[in-house]
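Notes for the one structure printed next.
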Amino acid sequence: MRYEEAAGNEGGDMPNDEDDANNEDDDDEILRGPFPGGPIDTSVLRSFKTHVAAAIWRGEEREVLKCHCLTAKLLRWQPPEDSSIAWKTLVKKSGLLRLRKLAYRAPNRNLVSAFMERWHPETNSFHLPFGEMSIILEYVYCLTGLSIKGRPVEFAGEDIAGGQHMVRRLLGVSAEEADAEVSERGSYIKLKWLHSRFSVLASSEDNFEVVYTARAFLVYILGCTLFTDKTGDRITCNYLRLFEDPEEFEGYAWGVAALAFLYRQLGVGSRVGCRQMAGFLTLLDAWIYEHFPTLGRPQQNTDYRPGQPFAMRWAQQAHGAVSEDAVRAYRLQLDTLRAEDVVWDPYVKLRDGGERPEVTFYEGCITACDIVEPYLPDRVLRQFGRGMLASFYEQWESHKLARERQGRVAYPSWACSPDYQQWYEFISHPRVQPEAAAPVVDPQMTVSPCDGIQSAIGYLKPVLTRWRAHDQDLSLPYVMSQVEESFEALHFRTGHEQSETHSHREHEQGESSSRRRRRRQ
């Protein structure tokens, strides 16, 4: 479904197939040329004409978004103190109970509306004056404690009859009650019904009722937090299928699903016709508070303890009056924001010197049930400690002078070639940074010199992709020494280098070995 269609679908009902066909035939919304004050290259932000930023450029202000937050409803279902041990065990091992403690009671609507003007669904990132930023998987774990590893949260959709049968089978209600509660337009059940029907059964000792109530409670939590929709009181009953087997309540990658669902809601919220925002807005607000200390950050929570999710660091307080003037004030702050104003890695202490989770460097698509969204960490390298690459020649000149002062031979001619610059860009990629002590190539591997530098890149790419990024920065000397050693091992030599004497080559190789020893130390 296109974002333009979703933005106009405020009631939450899906458009019918005929509307979809008509909308797909309408190409007027596709950006086909440079936009004044906006994108020049039309190959990326193709839906910019329907973006709220385009409307603002035309002088059309959008009202402050209505942000759906169901934390108050979430807390109405208070598990009784005499809840059975079996019920508590099932609920606890799902990993969702923590959401009751960290969910914010009210999002900052002004701040959310201002950030929506910067979000682009084609890149799933906020476009800021100094570059792009996004919420990545590691941040989801640090902010919420939700797992970003495990089984995917996904299922195949079912029709109304299937939904009614599922409610009868997995919640133990009668056929008449299931038929009355399952929505006629899709397999949806109301959160209010789940609360009123099952909240009194948590203390039951009956094994079947324990499982029924645990399923209802967990689906209720999902509907009030991770998968909040714009109706504010419903959730698809397909989520019951995730808890079909009581032995498999745990192990889901809830953090991945929460991020995919939020990505979709952010994309919908960036459309000019959208008036409401759903999804787990606690995640969005907490991310803003951590990375942008000058933008609406509340006071710190005095009860916060180290080791708790970072979202709990901030006190839940009033955010002031909701107004378009407040949104414009935040917009001006974002327009003048500098890279120096951003806290790029507030979670470094949580890692305690360890590496980032490997899944953070995944690049592809993430899912939340029937939602599929692109996950593109390569667009936000600064968030991985990789500053935007300075001009190669600026670094080259500085490093060349340093080498000459040490009485060392300057790098060979291929180091200044356009192909080498492409190689430098590739090796600086955070997902393929090699460990300092790891060999870059297999010395036994031979490649014909006539294949050129592109063959070296092609050969080394699958080798390098086995390594992941580390926290230390990739300095130019390290990169160049790795490349020099790689090309030496592959016997890539220019005609000038091939004419060098054998003793000179041994001298060069000895220097390379000494560099390797110093680097390992």
Side-chain angles (χ1 to χ4, degrees), residues 68-80 83-105 135 137 139-155 170-171 189-192 194-195 197-199 201-202 210-229 232-262 265 278-286 307-312 366-369 371:
H68 290 270
C69 179
L70 304 183
T71 303
K73 178 176 290 189
L74 172 66
L75 298 179
R76 289 175 194 158
W77 189 337
Q78 291 290 346
S83 300
S84 67
I85 297 178
W87 185 88
K88 291 180 180 178
T89 301
L90 284 175
V91 170
K92 184 177 181 180
K93 74 178 186 178
S94 71
L96 296 174
L97 201 57
R98 69 178 74 242
L99 295 173
R100 291 175 53 86
K101 296 182 179 180
L102 63 86
Y104 294 166
R105 293 181 179 274
I135 307 174
L137 290 174
Y139 298 170
V140 177
Y141 172 74
C142 293
L143 291 167
T144 67
L146 293 173
S147 176
I148 54 176
K149 300 179 182 180
R151 288 177 291 157
V153 179
E154 59 185 16
F155 47 71
L170 298 179
L171 292 182
I189 48 179
K190 291 186 176 180
L191 300 174
K192 182 178 179 180
L194 289 175
H195 176 225
R197 177 68 171 78
F198 294 96
S199 60
L201 301 178
V210 165
V211 176
Y212 295 152
T213 306
R215 288 173 180 149
F217 183 64
L218 294 176
V219 170
Y220 184 85
I221 291 178
L222 293 176
C224 292
T225 54
L226 305 187
F227 307 128
T228 301
D229 74 357
D233 188 41
R234 74 173 191 181
I235 187 171
T236 172
C237 54
N238 283 310
Y239 285 109
L240 288 169
R241 296 163 58 191
L242 300 174
F243 308 109
E244 185 167 357
D245 186 349
E247 301 298 326
E248 296 184 356
F249 276 25
E250 58 187 341
Y252 285 107
W254 294 115
V256 179
L259 184 60
F261 194 87
L262 182 61
Q265 297 302 318
F280 192 36
L281 298 182
T282 294
L283 175 57
L284 175 60
D285 274 358
Q308 292 179 325
F310 271 55
M312 299 177 67
I366 55 178
T367 62
C369 303
I371 291 175

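Not measured: the values here are computed from a predicted model.
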Testing the basics here: between F249 and A214, what is the closest heavy-atom pair and its distance to 0.1 Å?
CE2-CB, 4.1 Å
Pairing residues for Y104 by the ring-ring contact (aromatic ring centres under 6.0 Å, His included) criterion, not counting sequence neighbours:
none
Just to verify, what does R197 make a side chain to side chain donor-acceptor pair (under 3.5 Å) with, not counting sequence neighbours?
E177
Check side chain to side chain donor-acceptor pair (under 3.5 Å) between Y141 and all other residues, then give those that pass, not counting sequence neighbours.
none
What closest approach, in Å, do R98 and T144 show between heavy atoms, and which atom pair accounts for it?
CD-O, 3.2 Å
Do V153 and V256 make a side-chain contact, defined as non-hydrogen atoms from C-beta onward lying under 4.5 Å apart?
no
Supply the atom-to-atom distance L194 CG to I189 CD1, rounded to the nearest 0.5 angstrom.
4.5 Å
Between F198 and L171, is there a side-chain heavy-atom distance shorter than 4.5 Å?
yes
Output for pair (R105 CZ, L70 CG), nearest 0.5 Å, gives 13.0 Å
With sequence neighbours left out, the residues meeting ring-ring contact (aromatic ring centres under 6.0 Å, His included) with F310 are Y347
Contacts of Q78 meeting side chain to side chain donor-acceptor pair (under 3.5 Å) (sequence neighbours excluded), chain-then-number -> R100
Does F243 offer a backbone N or O that forms a donor-acceptor pair with the side chain of R215 under 3.5 Å?
yes
Contacts of type salt bridge (charged side-chain N to carboxylate O under 4.0 Å, His left out), residue R76, not counting sequence neighbours:
none
Tell me, please, which residues at least two apart from F261 pass ring-ring contact (aromatic ring centres under 6.0 Å, His included).
F227
Note, L99 side chain near W254 side chain (heavy atom, < 4.5 Å):
no
In this structure, CD1 of I371 is separated from CG of L259 (nearest 0.5 Å) by 11.5 Å
Which atom of I148 lies closest to which atom of A253, heavy atoms considered:
C-CB, 4.1 Å
Not counting sequence neighbours, which residues clear salt bridge (charged side-chain N to carboxylate O under 4.0 Å, His left out) with E244? List them please.
R169
Going from SG on C237 to CG on L170, what distance comes out if it is rounded to the nearest 0.5 angstrom?
9.0 Å
Nearest non-hydrogen partners of L102 and F280, listed with the distance:
CD1-CZ, 3.8 Å
Check side chain to side chain contact (heavy atoms under 4.5 Å, CB included) between A278 and all other residues, then give those that pass, not counting sequence neighbours.
K230, Q265
Minimal non-hydrogen separation, A368 against A257, with atom names:
CB-O, 3.3 Å
What is the distance from atom NZ of K101 to atom CG of L75, rounded to the nearest 0.5 Å?
12.0 Å
Just how far is it from atom CD of E154 to atom CZ of R241, taken to the nearest 0.5 Å?
10.5 Å
Where V210 and S84 come nearest, the two heavy atoms and their spacing:
CG2-OG, 3.6 Å
Under the side chain to side chain donor-acceptor pair (under 3.5 Å) test, which residues partner H68, sequence neighbours left out?
Q276
Got more than 12 heavy atoms from elsewhere within 6.0 Å of CZ, R151?
yes
Side chain to side chain contact (heavy atoms under 4.5 Å, CB included) filter on Q308, not counting sequence neighbours, yields Y304, R305, M312
May I ask you to check whether over 12 heavy atoms, not counting those of K93, lie within 6.0 Å of atom NZ?
yes
Under 3.5 Å, which donor-acceptor pairs do the side chains of residues 217-226 form with other protein atoms, sequence neighbours left out?
from	atom 1	to	atom 2	distance (Å)
Y220	OH	K73	O	2.6
T225	OG1	I221	O	2.5

